[in-house]
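All chains are named by letter (A, B, ...) in the order of the sequence lines, taking the proteins before the strands, and each is independently numbered beginning at 1.
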Amino acid sequence: MLLLVLGFYITKLSKHRDVLVAINEDVSNSIVLGASDAPETITLFFDYNCRFCKNFFSDVYPQLDEDYIQTGKVKLNLRLVCSENDKFALLAYQTALCLYKFGEFDKLHKLLLHQSKVMYTEQFVTLVEDYIAINEMVGECITESNNQEVLYNIYQFEKLKTKGTPTFVINNGVIVGYQSYESIIKNLN
Amino acid sequence: MKKVKWFICLMVVVAMVGCSDDDETCERLDEDFKPEECKSDNISVCSDDDGGRYFIFNGETYDTSDELSLACSPQASAERLQMIKMEFDEATLKLFNEARSAAICD
């Protein structure tokens with residue numbers, strides 16, 4: 001009986017580990033910051049509307065970037081997530097993903113970090129329409145994806161069964177909530 | 001001869017006034033950057049000699065985006081006023097402008 005229970009938990013743990021490995025390796029829906037062949041990966045489930053997520057970018061990311069990302073040791077896989085029912089956020093995050101692939105993600109990233117609520121304004125919808133009109137590939141990516149890439153991020157995020165964003169996946173472990181630079185490095189090592 | 005000197009002085013004064021006016025720059029907001037409530041109004045964002053910002057809304061000057069938001073939509077709820085204020089926020093406008101070029105290929 002004891003062996004049966006043990007076997008059940010080992011299988012469960014192994015499945016969970018497989019999910020985390022898949023999350024860290026899957027970059028098709030990620031915005032990858034850093035060298036794609038960096039030996040270590042940090043996956044960050046991130047929502048621009050979450051204050052602690054933004055704090056990560058203002059307080060932790062600059063040093064992490066300087067010490068680990070720019071030096072090619074680590075890459076940060078940014079997985080944008082939001083509520084499935086928030087059609088404005090879905091559009092904004094799909095747009096960010098498309099700009100990462102075919103344009104300049106950094107410019108939209110700066111705007112959303114500064115003031116995420118712009119995604120609910122008419123100006124933002126016009127901005128997205130401009131992207132679609134200006135760049136054919138960005139346009140196709142936004143209109144044809146039907147936000148599926150962000151929805152897939154949400155699906156994977158829900159699999160982790162965590163309480164919210166930011167959520168980090170480092171070394172096949174899940175860390176929920178804002179983390180200091182020291183804490184992230186500790187988990188990396 | 002006196003008239004010529006007087007004319008030259010006048011030109012110098014005009015030129016100086018012109019230069020001092022150049023330090024104050026105003027940019028009329030594009031329709032895309034205006035909230036729904038005041039899309040048809042004339043709104044400019046100006047910077048003064050000291051680098052400070054102020055707004056001109058249909059000829060009236062407003063010092064802050066709070067005042068401008070209220071002028072744009074006096075009946076708006078507090079929540080909506082916050083949104084309008086955010087739309088007029090100087091840094092947001094600047095970043096919005098920069099973000100416009102994000103889809104332009106080199």
Side-chain angles (χ1 to χ4, degrees), chain A residues 31 33 48-49 51 54 57-58 78 80 86-89 91-145 149, chain B residues 26-45 47 51 53 55-57 62 64-106:
Chain A
I31 290 160
L33 303 176
Y48 286 101
N49 280 322
R51 189 159 53 95
K54 290 200 273 191
F57 266 100
S58 59
L78 205 56
L80 300 178
D86 189 342
K87 60 176 185 169
F88 292 99
L91 176 68
Y93 298 174
Q94 184 62 51
T95 302
L97 265 163
C98 294
L99 282 178
Y100 165 71
K101 288 176 182 170
F102 307 111
E104 282 185 62
F105 156 75
D106 197 44
K107 291 179 176 177
L108 184 60
H109 179 59
K110 275 185 193 160
L111 173 66
L112 292 175
L113 277 181
H114 170 73
Q115 184 54 272
S116 62
K117 300 289 178 215
V118 293
M119 68 179 82
Y120 302 104
T121 64
E122 202 186 322
Q123 287 102 309
F124 191 83
V125 176
T126 309
L127 183 69
V128 175
E129 284 167 359
D130 286 351
Y131 289 151
I132 295 170
I134 291 167
N135 185 322
E136 200 180 329
M137 284 159 92
V138 171
E140 269 180 27
C141 175
I142 295 171
T143 52
E144 288 178 12
S145 68
E149 289 170 304
Chain B
C26 287
E27 205 173 308
R28 186 174 283 195
L29 281 188
D30 191 67
E31 203 172 283
D32 292 344
F33 285 125
K34 289 187 270 187
E36 190 58 40
E37 288 89 335
C38 43
K39 261 208 186 320
S40 55
D41 294 295
N42 283 326
I43 307 170
S44 297
V45 182
S47 53
R53 292 279 164 143
F55 303 91
I56 300 174
F57 179 83
Y62 295 90
T64 65
S65 53
D66 282 296
E67 294 170 357
L68 177 67
S69 307
L70 203 59
C72 164
S73 183
Q75 310 295 329
S77 64
E79 197 180 328
R80 178 64 192 141
L81 276 177
Q82 271 302 107
M83 286 293 280
I84 296 173
K85 187 187 165 218
M86 178 200 78
E87 291 179 38
F88 283 132
D89 171 62
E90 183 197 332
T92 308
L93 286 173
K94 185 174 161 276
L95 291 167
F96 236 120
N97 245 335
E98 285 173 11
R100 285 202 170 274
S101 65
I104 297 170
C105 304
D106 290 326

Contact part of A/Phe105 toward chain B, heavy-atom cut-off under 4.5 Å: side chain, backbone, both or neither?
neither
Please check if the number of heavy atoms outside A/Glu140 that lie under 6.0 Å from its CD is greater than 12.
yes
Around A/Lys101, counting heavy atoms of other residues, nucleotides and ligands shown, do more than 12 lie under 6.0 Å from its NZ?
yes
Comparing A/Asp106, A/Leu108, A/Asp130 against chain B, the one with the most heavy-atom pairs below 4.5 Å turns out to be A/Asp130
Side chain, backbone, both or neither: which part of B/Lys94 has an atom under 4.5 Å from a heavy atom of chain A?
neither
Heavy-atom pair of closest approach, residues A/Lys107 and B/Ser101:
NZ-OG, 2.7 Å
Minimum heavy-atom separation for B/Leu95 and A/Lys110, please, with both atom names.
CD1-O, 3.9 Å
Top residue by heavy-atom pair count (under 4.5 Å) with chain B, among A/Val138, A/Thr121, A/Thr95, A/Ile132?
A/Thr121
Gap separating the NZ atom of B/Lys34 from the CD atom of A/Gln123, nearest 0.5 angstrom:
11.0 Å
Given side-chain contact (heavy atoms from CB on, under 4.5 Å), test B/Glu87 with A/Glu122 step by step and report yes or no.
CA-CA 10 Å; B/Glu87 291 179 38; A/Glu122 202 186 322; over 6 Å; no
Can you tell me which portion of A/Leu111 sits under 4.5 Å from chain B's heavy atoms? Options are side chain, backbone, both or neither.
both
Smallest separation among heavy atoms of B/Arg100 and A/Ile134, with atom names:
O-CD1, 4.3 Å
Would you sort out whether B/Thr92 and A/Val118 count as a side-chain contact (heavy atoms from CB on, under 4.5 Å), showing the intermediate values?
CA-CA 8 Å; B/Thr92 308; A/Val118 293; 3.4 Å; yes
Relative to chain A, which segment of B/Asp30 carries a heavy atom at a distance below 4.5 Å: side chain, backbone, both, or neither?
neither
Nearest non-hydrogen partners of A/Tyr131 and B/Ala103, listed with the distance
CD2-CB, 3.3 Å
